[in-house]
There are 2 protein chains.
Amino acid sequence: MSTMKTTTEKSMVMHNPPHPGEVLRELCLEPLGLTVTAAADALGISRKTLSAILNGRAGISPEMAVRLSIAFGASAESWLNQQTQYDLWLAEQNRKNLKVRKLSAA
Amino acid sequence: MSTMKTTTEKSMVMHNPPHPGEVLRELCLEPLGLTVTAAADALGISRKTLSAILNGRAGISPEMAVRLSIAFGASAESWLNQQTQYDLWLAEQNRKNLKVRKLSAA
DNA sequence: GCAACCTGTAACGATATAGGTTACGCTACG
DNA sequence: CGTAGCGTAACCTATATCGTTACAGGTTGC
């Protein structure tokens, strides 16, 4: 599902955003030469939990966003927004299957 | 985050954001004279679920954000961002209790 | 070879949330 | 009174986070 091309349509922002764990690994762990084990320990979470995030099998919870902001310094909001954009992209894939009536043309 | 009052200080956004259901009720249901029952029906969800959202006992899920965007026209992103900001504000309240080591001064 | 790591991940349990159905009590109104 | 709308409790299911433990595979170095 992540390897679609589909750049031919109206080209809304269909960018298939990377899951935040991918960004986390490339922007935080690798530059600092951190192992998954060491980073998980610093974040105060289990290695399993961090591994799940890094490999896209878990999302960044609000609390995790705060942890990341403490450890790596970026704002918790930026971490959480990455997750939100990713979750929203997934939900949008199913938009046409939702049975909803328009109530306003706002 | 958009409702800052520019208090001249660094002033982190400690505004205790309203839960998104409050905004939903005031900006969508009331202006259209919609009952909770009617709105829930239009959204394709149960009255219980909408009631929970409106009264702050449930959040706006990614799928619900898409439903709201169909029914009321605002972007799904704007609906979901409201929820994210609220969840983050809650998580920040517990920041000081998290045992996390700083790894970078980025 | 072998020991020491690092890693992904399966298995299991605990906890939390979203969502549905059903049902109860309350309020407002014609 | 009867009806409509509302909040919400009870109960169920599905999913998600997070933890611990354990296993298998890969590196690296002695």
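Values below: every heavy atom of this structure, side chains too, minus hydrogens, waters and symmetry copies. In this text, all values refer to a predicted model and were calculated from it rather than measured experimentally. Labels below follow one simple rule: chain letters A, B, ... track the order of the sequence lines, proteins then strands, and each chain is numbered from 1.
Distance check, rounded to the nearest 0.5 Å: OG1 of B:Thr84 to CD of B:Glu77 gives 9.5 Å.
The residue from B:Asp41, B:Leu34, B:Thr35 that alone fulfils the side-chain contact (heavy atoms from CB on, under 4.5 Å) condition with B:Thr37 is B:Thr35.
Listed nucleotides C:dG8, C:dA11, D:dG7 differ in distance to A:Val36; the shortest reach to its side chain belongs to C:dG8. For B:Thr35, the side-chain atoms get nearest to D:dG5 when compared with the rest of D:dG5, C:dA11, D:dT8.
Within 4.0 Å (heavy atoms only), A:Arg25 reaches sugar-phosphate atoms of the nucleic acid but no base atom. Heavy atoms of B:Ser46 sit under 4.0 angstrom from at least one base atom.
A donor-acceptor contact under 3.5 Å links the side chain of B:Arg47 to the base of D:dG7.
Residue A:Lys99 qualifies as open at atom NZ: its count of foreign heavy atoms under 6.0 Å is 12 or below.
Between B:Ser51 and D:dG7, a side-chain N or O to OP1/OP2 separation shorter than 4.0 Å is present. Look at B:Ser61 and you won't find any side-chain N or O under 4.0 angstrom from OP1 or OP2 of C:dT17. Contact check, A:Thr37 against C:dT7: a side-chain N or O comes under 4.0 Å of OP1 or OP2. At D:dT8, one or more side-chain N or O atoms of B:Arg57 fall inside 4.0 Å of OP1 or OP2 (strictly under the cut-off).
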Could you check B:Ser69 against A:Arg95 for side chain to side chain donor-acceptor pair (under 3.5 Å), going step by step and ending with a plain yes or no?
CA-CA 10 Å; B:Ser69 76; A:Arg95 172 182 279 261; 2.7 Å; yes
